[in-house]
Amino acid sequence: MQLLQTLAPWLLLVFLGQQVSVSSGARNKNRDADKTVTSAPGRAQRSGNKSPATGRGKFDINKDKMKCAWRARDVGDTVRVSVKCENPEARIKGGTTDVECDYNGKPQRCPGYQSDPKGFWKQVARAFKRLQGKACHDEHALVRAGMCKRAPRDAHFKLDISSSVASAQSGGMSEDLQPPRPPRPTKSSPYRPTACTGGEQQRRKAEENCGKWASLCTFFFSMLQSDDC
């Protein structure tokens, strides 16, 4: 009994020490868990900002019979949308055959671009279809996604007019389809009197100039005549 009374204070100290150790370990685990929870959103946000632009699509310009395709890519802190259009019929009939241009914007400033990128690019595709004849020509017409109506102006895509290039070709028919050319007119040969047609004139001339020697002159004139009857 006396031994138990002697050891009791020491046992109490050991028990209290164990409780303090367990409590300290629990607090450390809670702090580590709090750090993990608070840092996760920051990492997710940073990784989201680095996601590359993957939008692409097609549209037609009905008035000019152009078929166009566009594709987005990151250029620094800007997203560039490159547009290429072509009209195969114009290579035969003449007119504008090819058009190329770039649109630049910062869609990262629109919340919908990060939260719903697939929906964002679908709305951009519809905006390009509405442009029609303004595509690659009107630098004041912005390409806007519907979910970004309240975003700053530079969040929308604007035409870089210096990048707009158009190619044209004059129309022409192939050799097989061209009408036949009329034959060239030929020069007629000059009229030269023959001996038969000019004989009478020679005799009269000989009589006027040679007098009694008219027959002799006529003979010489007929020898000088190169053509025969």
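Keep in mind it's a predicted model, so treat the numbers as computed, not measured. Values below: every heavy atom of this structure, side chains too, minus hydrogens, waters and symmetry copies.
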* **Rounded distance (nearest 0.5 Å) linking atom OG1 of T78 with atom NZ of K106** => 5.0 Å
* Indicate whether the side chain of N87 and that of T97 have a donor and an acceptor atom separated by less than 3.5 Å. => no
* Asked: Closest heavy-atom contact between F157 and V79?
  -> CE2-O, 3.5 Å
* Between Q123 (side chain) and M147 (backbone), is there a donor-acceptor pair under 3.5 Å? -> yes
* Asked: If you measure from CG on L159 to SG on C136, what distance do you get to the nearest 0.5 Å?
  -> 6.5 Å
* Co-membership, hydrophobic cluster, residues V83 and V75, 4.5 Å side-chain -> no
* Structure fact -> Between the NZ atom in K67 and the CD atom in E86, the distance rounded to the nearest 0.5 Å is 9.5 Å
* Structure fact -> Between D60 and C68, the two heavy atoms sitting closest are OD1-N, 4.4 Å
* Closest contact, heavy atoms only, F120 versus C148 -> CE1-SG, 3.6 Å
* Can you tell me if H137 uses its side chain to pair, donor with acceptor, with the backbone of A135 under 3.5 Å? -> yes
* Spacing of OG1 belonging to T96 relative to CD belonging to Q169, to within rounding of 0.5 Å -> 11.0 Å
* Asked: How many angstroms lie between CG in D138 and NZ in K158, if you round to the nearest 0.5 Å?
  -> 10.0 Å
* Which heavy atom in A151 sits nearest to a heavy atom in H156, and how many Å separate them? -> O-NE2, 3.8 Å
* Structure fact -> R126 meets the salt bridge (Lys or Arg N to Asp or Glu O under 4.0 Å) criterion, sequence neighbours left out, with none
* Side chains of F128 and Y103: closer than 4.5 Å at any heavy-atom pair? -> yes
* Structure fact -> W121 and A72 have their tightest heavy-atom pair at CH2-CB, 3.5 Å
* Asked: Is F59 reachable from L142 through a run of hydrophobic residues whose side-chain heavy atoms are each under 4.5 Å from the next?
  -> no
* Judged by atom type as modelled, is there a donor-acceptor pair below 3.5 Å linking the side chain of Q132 to the main-chain atoms of N62? -> yes
* Non-neighbouring partners of D98 that pass salt bridge (Lys or Arg N to Asp or Glu O under 4.0 Å), sequence neighbours left out -> R91
* **Value rounded to 0.5 Å, distance of SG in C85 from CD in E100** => 9.0 Å
* Going through the checks in order, is the side-chain contact (heavy atoms from CB on, under 4.5 Å) test met by R144 and R153? -> CA-CA 9 Å; R144 303 171 182 263; R153 183 178 177 83; 4.1 Å; yes
